[in-house]
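Keep in mind that this is a model prediction, so the values were computed, not measured.
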Amino acid sequence: MSAVAVARRVVGVLVCGLLAVALATQGRPTKPHIVFFLADDYGFADISYHTEMYGNASNVVKTPALDALAASGVKLENYYVQPVCSPTRATLLTGRYVTHHGIRAPFGASSPSVLHLNETTMAQKMQEAGYATHAVGKWHLGFRSPAYLPQNRGFDSFFGYYSGSQDYYNHYSLCWPAGVPNGCFENTTKHGDAVTGLDLHRNDDVVFNKEEYSTILYSNEAEAVIHRHMASEPHKPLFLYLPHQAVHVGNTPEKDHPEYALDQAPQEYIDEYSWVQNEQRRNLSAMITVMDDAAANVTKALKTVGIWQDTIFIFSTDNGGPTGDQASNYPLKEGKGTLWEGGVRGIGFVTSGDNDHWGIQSGTVNHELLHVSDWFPSLCEIAGCSLNGTLPLDGVAAWGSITKGKPSPREEIVHDICWSHFGGSCTKANRAAYRKGKHKLIMLNGADGKAELYDIEADPSETKDIADSFPQVVAQMKATVAEYAKTTMPACDRDPPDPRSNPLLHNGTWVPWLP
């Protein structure tokens with residue numbers, strides 16, 4: 001990337017408009033606007049400030065906008081998510097562990113699996129607190145009937161797609177069978193390929209004839225939401241949930257659709273990484289840079305309308321990067337889909353246009369233990385939303401820890417308890433991982449299998465199993481896992497595909513198929 005390009009992106013993040021400066025002196029709202037920017041399949045080492053902190057094992061991806069935002073606020077360096085997408089999204093929006101909402105694996109588009117309606121979402125609580133709530137991007141929490149769509153789960157509006165992945169340009173989602181034979185109705189297509197369907201929606205309507213690159217499309221829509229909000233409801237606080245498609249792979253090429261590609265980016269961005277030899281890594285780097293520009297453009301929109309100083313901006317990954325798709329999680333072990341640190345330790349930071357006003361310590365690095373479930377109660381702390389009426393939360397109210405580095409009220413994380421008898425995706429997984437203080441217990445062969453123990457503070461790369469040296473710690477942690485297993489919900493993420501979902505029955509689109 002040229003020095004001019006780098007400077008352009010940094011300036012776009014750091015320079016506030018005159019309008020924002022003028023408004024900063026006027027009356028300030030008591031509730032902040034909140035923007036939650038969620039990246040998909042983003043590798044731990046694929047943000048450049050992490051390569052500066054921890055080193056790297058592949059090319060450095062330049063992310064000047066994200067770097068500048070993180071540097072201006074608080075970097076969360078002991079922050080955890082779930083190993084894959086649907087579970088993290090469900091945990092974020094409900095404040096509950098996967099062991100309690102039951103979603104341990106991604107949903108297949110043809111499956112009727114959903115985030116159940118007895119789960120209260122953070123968006124619903126934001127609405128109750130007087131927020132305008134909008135979602136732009138990837139849903140992936142089920143869509144079998146209208147009741148499960150985002151606009152009926154607490155969001156005033158939704159623009160985006162329902163499934164797990166799609167083509168970045170034509171927005172068709174190729175069905176993922178989730179290991180189920182004929183799970184994508186392969187017997188209904190010409191070459192026995194999985195079915196594919198258009199998956200782009202504005203509220204209840206399918207959006208046709210859009211060919212804009214998704215990261216840019218969703219960024220533009222987020223900017224439009226910000227402008228519309230200030231034009232129609234300027235005195236109402238805004239909650240904008242922005243779960244980007246980036247940088248998840250697109251559709252796998254197949255006989256019926258040879259035009260599909262896993263890693264897609266505009267050519268001018270790919271050209272910036274022409275020196276990277278591996279083509280997939282080159283394209284992934286370009287995809288990340290487009291996402292970096294999206295972050296710059298969204299913050300620029302907040303500045304343009306004069307609310308950046310009253311906005312709290314949160315960035316998070318949904319899981320570790322998929323190493324098989326050339327993501328880098330260096331120096332962590334493994335990646336997406338695993339319970340190793342490379343699968344569950346995420347990139348995260350918090351900042352604002354006026355950190356002092358909102359109690360955020362500028363330019364700090366936070367090493368307190370935090371989990372994606374903590375966002376629900378923590379954001380409700382500052383948004384003033386009541387937690388009455390929710391199912392019991394696993395997340396803890398940790399705003400003081402997040403923003404000021406106070407000791408975290410969190411002492412443990414149940415990453416997962418997924419024994420085979422819990423059904424669903426657990427049938428094959430048969431694994432568990434539990435963090436207590438500095439120790440992490442990981443069990444990959446069932447409740448009676450060998451347990452491994454790691455000191456994550458001393459050994460974040462999980463290179464030395466210390467189970468034999470600390471048998472008492474292992475015994476205590478296994479006993480805790482066994483106790484928590486008693487209240488673990490069966491997995492509800494592998495409902496058999498429903499033939500009525502086939503997009504060939506719905507004008508070639510993925511839409512709700514039940515009343």
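- For the residue pair Y161/S214, the side-chain donor-acceptor check at 3.5 Å is not satisfied.
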(message) Show, in sequence, the C-alpha distance, side-chain angles and deciding distance for R104 and T99, and conclude whether the side chain to side chain contact (heavy atoms under 4.5 Å, CB included) test is met.
(response) CA-CA 8 Å; R104 271 56 169 262; T99 53; 4.0 Å; yes
- Apply side-chain hydrogen bond (donor to acceptor under 3.5 Å, both in side chains) to Q151 and N203, showing your working. CA-CA 6 Å; Q151 62 269 28; N203 299 320; 5.2 Å; no
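- Although no hydrogens or angles enter the test, the distance criterion places no donor-acceptor pair under 3.5 Å between the side chain of R228 and the main chain of E233.
- Salt bridge annotation for E341-K440: present, with a cationic side-chain nitrogen under 4.0 angstrom from a carboxylate oxygen.
- Remark: the Q127 side chain and the D156 side chain contain an N/O donor-acceptor pair separated by less than 3.5 Å.
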| task | Please test H33 against Q309 for side-chain hydrogen bond (donor to acceptor under 3.5 Å, both in side chains), starting from the C-alpha separation and ending with a verdict. | result | CA-CA 9 Å; H33 306 290; Q309 77 280 3; over 6 Å; no
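- In this structure, R282 does not pair ionically with E279, as no charged nitrogen and carboxylate oxygen lie closer than 4.0 Å.
- With hydrogens and angles ignored, the 3.5 Å screen pairs a side-chain donor or acceptor of R435 with a backbone N or O of G437.
- D394 and S373 share no side-chain donor-acceptor pair at under 3.5 Å.
- Under a 4.0 Å N-O distance rule, the pair K336/D325 does not qualify as a salt bridge.
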As a quick check of understanding, evaluate side chain to side chain contact (heavy atoms under 4.5 Å, CB included) for F158 and L149, giving each step before the final call. CA-CA 9 Å; F158 171 69; L149 300 180; over 6 Å; no
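- With T91 as the partner, the side chain to side chain donor-acceptor pair (under 3.5 Å) test is satisfied by one option alone out of R96, H101, H100: H101.
- Here H50 and F44 bring their ring centres to under 6.0 angstrom of each other.
- Applying the ring-ring contact (aromatic ring centres under 6.0 Å, His included) test between F37 and each of F349, Y42, F315 identifies F315 as the sole match.
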- Query: When you look at Y148 and L141, which way does the side chain to side chain contact (heavy atoms under 4.5 Å, CB included) test go after all the steps?
  - Reply: CA-CA 8 Å; Y148 298 96; L141 289 174; over 6 Å; no
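- Residues F143 and Y162 bring their aromatic ring centres within 6.0 Å.
- Within the 4.5 Å cutoff, no side-chain heavy atoms of K31 are placed close to those of K236.
- From S219, atom OG reaches atom CE of M291 across 11.5 Å, with rounding to the nearest 0.5 Å.
- Counting heavy atoms of neighbouring residues, nucleotides and ligands inside a 6.0 Å radius, atom CD of E268 exceeds 12 of them.
- Judged by distance alone, the side chains of E52 and S48 never bring a donor and an acceptor atom under 3.5 Å apart.
- No side-chain donor-acceptor contact under 3.5 Å links H357 and N355.
- No donor-acceptor pair closer than 3.5 Å links the side chain of E119 to the backbone N or O of H116.
- Checked by atom type, the side-chain pair Y79/T317 shows no donor-acceptor distance below 3.5 Å.
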- Task: Apply the test side-chain hydrogen bond (donor to acceptor under 3.5 Å, both in side chains) to residues N220 and E212: give CA-CA distance (whole Å), side-chain angles for both, the deciding distance (0.1 Å), then the verdict.
- Result: CA-CA 10 Å; N220 288 344; E212 191 171 16; 2.9 Å; yes
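- By the neighbour-count criterion of 12 heavy atoms within 6.0 Å, atom NZ of K406 is sparsely surrounded, having that number or fewer from other residues, nucleotides or ligands.
- The pair R202-E221 counts as a salt bridge, with a side-chain nitrogen and a carboxylate oxygen less than 4.0 angstrom apart.
- A side-chain donor-acceptor contact under 3.5 Å links S285 and N59.
- Contact check on K75 versus D67 returns no salt bridge, with no Lys/Arg side-chain nitrogen under 4.0 Å from an Asp/Glu carboxylate oxygen.
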K138 vs R89, test: side chain to side chain contact (heavy atoms under 4.5 Å, CB included). Steps then yes/no. CA-CA 10 Å; K138 175 176 174 176; R89 291 156 209 277; 3.7 Å; yes
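- With R410 contributing its side chain and L369 its backbone, the two residues share no donor-acceptor pair below 3.5 Å.
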